[in-house]
2 protein chains.
Amino acid sequence: MSASPPTTRKVTLSDIAAGCGVSRATVSLVLRGSPLVNARTRERVEAELRRQNYVYNRSAANLRRRTSSSIALVLNDLANPFFAEFAAGVDEALGTAGYVTLLGNSGESRTRQQAVLGSLVEHGPGGIILSPAEGSTAPEVLAAVGAQVPLLLFNRELEEAGAQDAHWDRLLLDNRTGARLATEHLLAQGHRRIAFFGGHGDSSSAQQRYAGYRDALRAAGAKEAAHWRVETAPTRLDAARQTERLFARAPAPTAAVCYNDAVALGLLLGLHQRGLRPGRDFAVTGFDDIAESAFSTPPLTTLATAPRERGRQAAELLLARLHDPQAPAQTVVAPVRLVVRESSPPPSDR
Amino acid sequence: MSASPPTTRKVTLSDIAAGCGVSRATVSLVLRGSPLVNARTRERVEAELRRQNYVYNRSAANLRRRTSSSIALVLNDLANPFFAEFAAGVDEALGTAGYVTLLGNSGESRTRQQAVLGSLVEHGPGGIILSPAEGSTAPEVLAAVGAQVPLLLFNRELEEAGAQDAHWDRLLLDNRTGARLATEHLLAQGHRRIAFFGGHGDSSSAQQRYAGYRDALRAAGAKEAAHWRVETAPTRLDAARQTERLFARAPAPTAAVCYNDAVALGLLLGLHQRGLRPGRDFAVTGFDDIAESAFSTPPLTTLATAPRERGRQAAELLLARLHDPQAPAQTVVAPVRLVVRESSPPPSDR
DNA sequence: CGCTACATTTGAAACGATCCAACGCCGACG
DNA sequence: CGTCGGCGTTGGATCGTTTCAAATGTAGCG
């Protein structure tokens, strides 16, 4: 038998063709399952494919066909379990549709995001799913991706969008309704002095959640106090640190709607440190329902966003757009579901 | 001015060349920063590139140059924060080296892993970083990736490896030493009845950690009891459920080395439910140092594995391999670091 | 037997970039 | 005046696949 040459070249269509005495065209037809080829020929070719251990070169095919079989996924924080779940959902749905995921992580850095987008676009993805870094503007994103490749925005809006927002689709969470539900739940429990805790005022999701909170308060005729709106970084650590600001002035709140679960978990910690017992002396709600929230002490009342399902949905929206590039841009607002656990009891001082 | 045609074609090298009256070859030279081209020509070409909003087609270039600018990353559980961090580290290092990450998630399913590997390989990645699904065998993985493309195994070994293990590099965690350190820490705290809790006996990492635990016990002359080795699924929920088995027979342990943090957190929960106060009546250690462990009640003594750093390291090992394909296969065992927190006090019954 | 119809197969031109050998030009040198 | 060397530039082949018009072969039919 012939020894394989020192540098094992990749085996191509031509090798197969030569190996069983047909033309490249025929082999190509076999590969693509065309009904044109004779059954016997097909078998010979398929045997040869196996024998030579052929692997299809999809890039070459994509080049010729002017198609793409990849989708870029660019996230603002892959290390965050919420986005990790989302990515898993995206990859799952793309995989079953025969696409491959090009991953990029901006880590909330706009400049890194630009670099990542630029580099991914050079690989010619069929579309892009982007959860933008905080503060990203429409012009900069459009400059990086161009107007040609379909873009699906997840989770956040772009700033300075102007009239350009017709150029992309959006999948957003129903932040406003979610925060309203949480607030209504606390109101129903009997709370009247309810704070809104955490998040940055200039992030669109924080604004929306804050708006939902105010909707509920206003509808119930409840008041707000200025020191009941405390901004923090959306991290556990900063939330724990800022806890005291809720109690800086009287009257102190008896409950808090938190920007997200990380902040809520931090608040639990901060309350503990002040000698308060969250779930008994003080009610707390979160947002996201990260895995941890079911196991915290006390387990956290929060809003489930089903990130994996969102990921699948995002992928499907984008694939639908690839299928019909001319359809008008759409915005889908995904519902969120209130999950009541033990962190949101009625007020204790009644 | 000329209206753009209805279907806006992608702009190519030839468009640029035609647009400023040079040949494609010259434009290519400009793109690749060759010193051969005249400064004035270069400027004209660069202006035209900007004017037409050219974007480089890296796949075409890769086809011609027989190179690759992507690396496949296939994980057994992307939704797990440990692997999400790892992925972020990989992507970061690959990105700065000019590579793009092709993501795949097997979700611990071997068949899905085979499908994912197959599909990714068709895109011609320069190499593969694989954290295999549990139970993956060397033959099946080799069949999917072929022997041509460099493979780096992370976190787990392949089964039925035989002599083939010379074909890939490995980056592993020092499981054995880590578990030994945890056990030694508990011994130093004065514990003598120490359990090993959680994990599946047939997973290589569980075996290694169990071995480290036994190393420490034996060195200290401490005994093991059969019911102190409790197997669980590596999840919080199952760990909580199985807690009682630790106390099924006397003598009960006063401390437990857990397979990982998820299991340890579940054990904390299970202990609570039995009326025990972990961190006071019972000592617990974990493994991984996931974000949550610093904030649990009590904060968890555990082994930090620095997943993001591991991700960067994996990427760099693979890139080094690309650079020198002939170098002998290497195995790197990454150290882990004991982080002592409040979950591992001395025994209370002394 | 000549002709059409049909079933297969194929040659060659793409896709968008790279690369190499060759070319034109110009001043210098013998 | 002829030719040599360098500098910039370029034509055309090439990477591995697809595609389409055209070629080939085979059979049926009048």
Side-chain angles (χ1 to χ4, degrees), chain A residues 7-46 48-49 52-70 121-126 146 148-149, chain B residues 7-46 48-49 52-70 121-126 146 148-149:
Chain A
T7 16
T8 344
R9 273 195 336 99
K10 226 168 258 173
V11 17
T12 78
L13 269 199
S14 311
D15 299 321
I16 304 299
C20 57
V22 298
S23 73
R24 299 204 310 278
T26 304
V27 181
S28 174
L29 290 177
V30 169
L31 280 179
R32 330 202 50 243
S34 159
L36 291 181
V37 315
N38 179 295
R40 288 226 305 282
T41 319
R42 171 184 308 273
E43 274 183 29
R44 270 191 325 170
V45 171
E46 280 171 347
E48 187 70 12
L49 286 170
Q52 295 206 32
N53 231 306
Y54 171 77
V55 341
Y56 188 66
N57 183 334
R58 200 168 291 272
S59 318
N62 282 333
L63 174 59
R64 174 61 229 252
R65 309 181 60 194
R66 300 148 142 280
T67 53
S68 172
S69 54
S70 61
V121 165
E122 289 186 351
H123 287 82
Q148 305 306 330
V149 36
Chain B
T7 16
T8 344
R9 275 194 336 98
K10 223 168 260 172
V11 17
T12 77
L13 267 199
S14 313
D15 299 323
I16 303 299
C20 57
V22 297
S23 73
R24 300 202 315 280
T26 304
V27 180
S28 176
L29 290 176
V30 169
L31 280 179
R32 331 200 49 242
S34 158
L36 292 181
V37 316
N38 181 295
R40 287 227 303 281
T41 319
R42 168 183 312 270
E43 274 182 28
R44 268 191 329 172
V45 171
E46 281 173 346
E48 188 68 13
L49 286 170
Q52 296 206 33
N53 231 306
Y54 172 78
V55 342
Y56 188 67
N57 183 334
R58 201 168 291 272
S59 318
N62 282 335
L63 174 60
R64 176 62 231 254
R65 306 180 62 194
R66 297 145 145 281
T67 52
S68 171
S69 54
S70 62
V121 165
E122 290 187 350
H123 287 82
Q148 304 307 329
V149 35

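Just so it is clear, the model here is predicted, and its values are computed rather than measured. Naming convention: chains lettered A, B, ... in sequence-line order (proteins, then strands); numbering from 1 in each chain.
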Please state how far atom [atom1] in [X] lies from atom [atom2] in [N], giving the value in whole angstrom units.
X	N	atom1	atom2	value
Glu43(B)	dG8(D)	CD	C1'	16 Å
Asn38(B)	dG6(D)	CG	C1'	14 Å
Leu36(A)	dT19(D)	CG	P	12 Å
Arg40(A)	dT26(D)	CZ	P	12 Å

Nearest-0.5 Å distance, OG of residue Ser69(B) to CG of residue Asn62(B)
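Answer for the OG-CG pair, Ser69(B) versus Asn62(B), is 4.0 Å.
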
Establish, with yes or no, whether the OP1 or OP2 oxygen of dG8(D) is under 4.0 angstrom from a side-chain nitrogen or oxygen of Thr41(B).
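No.
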
Thr26(B) side-chain N/O to dT9(D) phosphate OP1/OP2 under 4.0 Å
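Negative; the distance criterion is not met.
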
With a cut-off of 6.0 Å (strictly less than), are more than 12 heavy atoms of other residues, nucleotides or ligands near CD of Gln52(A)?
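Above 12, so yes.
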
What pair of heavy atoms forms the shortest contact from [X] to [Y], and how long is it?
X	Y	result
Asp15(A)	Lys10(A)	OD2-O, 3.7 Å
Ala17(A)	Ser23(A)	CB-C, 3.7 Å
Pro125(B)	Val149(B)	O-CG2, 3.9 Å

So Thr41(B) and Val30(B), side chain to side chain contact (heavy atoms under 4.5 Å, CB included) or not? Walk me through it.
CA-CA 9 Å; Thr41(B) 319; Val30(B) 169; 5.8 Å; no

Side chain to side chain contact (heavy atoms under 4.5 Å, CB included) between Val22(A) and Arg44(A), worked out
CA-CA 10 Å; Val22(A) 298; Arg44(A) 270 191 325 170; 3.5 Å; yes

For the backbone of Ser34(A) and the side chain of Arg42(A), can you confirm whether one donor and one acceptor N or O come within less than 3.5 Å of each other?
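Indeed, once roles are kept as given, a pair shorter than 3.5 Å links the two residues.
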
Note the angle between the end axes of the helix from dC1(C)-dG30(D) to dG30(C)-dC1(D), five pairs defining each, rounded to 10 degrees.
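If I round to tens, the end axes sit 80° apart.
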
Where along nucleotides 13-21 of chain C does protein come under 4.0 Å, by heavy atom, of base (B) or sugar-phosphate alone (S), with - for untouched nucleotides?
BBBBBBB--

